[in-house]
2 protein chains.
Amino acid sequence: MNIGTAARQSGLPAKTIRYYEDIGLLKADRAANGYRDYSKHDVHRLRFVQRARSLGFSVGECRQLLSLYSDRERASADVKAIAAEKLGQIERKIVELTELHDMLGHLMDNCRGDARPECPIIDGLSGSTSGP
Amino acid sequence: MNIGTAARQSGLPAKTIRYYEDIGLLKADRAANGYRDYSKHDVHRLRFVQRARSLGFSVGECRQLLSLYSDRERASADVKAIAAEKLGQIERKIVELTELHDMLGHLMDNCRGDARPECPIIDGLSGSTSGP
DNA sequence: CCTTGCGCTTCCAGTCGCAGGAACCCTTAT
DNA sequence: ATAAGGGTTCCTGCGACTGGAAGCGCAAGG
């Protein structure tokens, strides 16, 4: 099948699929006319990548996962290790964003948000009122 | 003062300060020898940007905040609106990451992580066991 | 037979926020 | 005079695409 069909079936834009081929993540056969030709198996792998990406795996990690996906002998521990690493990253990011959230929320709570110019948010950013 | 001193006092790398000048965020005077020349006021603004960036504001938002920072007549509501928008973005990102976290955690909980090849993580990514 | 229109191809540029490095100039101290 | 440690500009690259231009392939309609 052509790239457009593969795109619809995998949920990835054709541009992205070409990009993945470009970086050597997933290559397709070529038809006689030069068009990329995708099998069902190719589409499965594209969907696999699409899901992994949407779960926050980087393209590099998708590359690893793809090779683990294709390897019927590999231990599930290998996959779990990658997932655990990613889970840790996600947790750290959540903590970081939560701190950010609280800090910004704190500044906002103290800002009246009216027509007057006094603004604790700006003061907080400029550091003028945060000193000891 | 030279850019290196401004960098130390603002907490921003010199490279970044030059970049900010390049994109028109913050420009500095020039000394006779062509070196950038920073006043205390410039350093204040650099610190301001540094703090805003570390709070997750984009460079574009920093641009807005800087103009609000310099405008003594502006309403605190204007600043609060930008902060509220950013707070909403942060909240949405946290929700998204939490969903990701739970999904991935779920997959991992069901994976034995041993030497055998059966792996619910891979199965989940490939979609083979996720159907209704 | 010719055209229209879509899909496919390649390649180039841009996004965001810098970081790294080359090649060169200026200042200060020895 | 020289060496070290500033500074300057410009170019490249990162990640993961996205948009667009120029040009081919192919089926259908007039």
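By convention in this document, chain letters (A, B, ...) are assigned in the order of the sequence lines, proteins followed by strands, and residues within each chain are numbered from 1.
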So A:I3, base contact, sugar-phosphate only, or nothing? Heavy-atom distance under 4.0 Å.
sugar-phosphate
Does C:dT10 have its OP1 or OP2 closer than 4.0 Å to a side-chain nitrogen or oxygen of A:R18?
no
Is any side-chain nitrogen or oxygen of B:T16 closer than 4.0 Å to OP1 or OP2 of C:dG17?
no
Does C:dT27 have OP1 or OP2 under 4.0 Å away from a side-chain N or O of B:N33?
yes
Nearest heavy-atom approach of B:I122 to A:L65 is CD1-O, 4.0 Å
Are B:H44 and B:Y69 close enough that some pair of their side-chain heavy atoms sits under 4.5 Å apart?
yes
Hey, does the side-chain of B:K15 have a donor or acceptor N/O within less than 3.5 Å of a partner on the base of C:dG21?
yes
State whether B:Y20 places a side-chain N or O below 4.0 Å from either non-bridging phosphate oxygen (OP1 or OP2) of C:dC18.
yes
Do the side-chain N and O atoms of B:N2 and B:T5 include a donor-acceptor pair separated by under 3.5 angstrom?
no
Taking OP1 and OP2 of D:dT9, is either one under 4.0 Å from a side-chain nitrogen or oxygen of B:R30?
yes
Of B:P13 and B:Y35, the one whose closest DNA chain C nucleotide lies more 5'
B:P13
Evaluate whether atom CZ of B:R72 has more than 12 neighbouring non-hydrogen atoms of other residues, nucleotides or ligands under 6.0 angstrom away.
no
Here's a test of your reading of the structure: between A:T5 and B:S58, which maps to the more 5' nucleotide of DNA chain C?
A:T5
Distance check needed: C:dT10 P versus A:E21 CD, whole Å only.
7 Å
Output yes when at least one side-chain N/O atom of A:R36 is less than 4.0 Å from OP1 or OP2 of C:dC8, else no.
no
Within the 4.0 Å heavy-atom criterion, would you say B:R53 contacts the bases, only the backbone, or no part of the nucleic acid?
sugar-phosphate
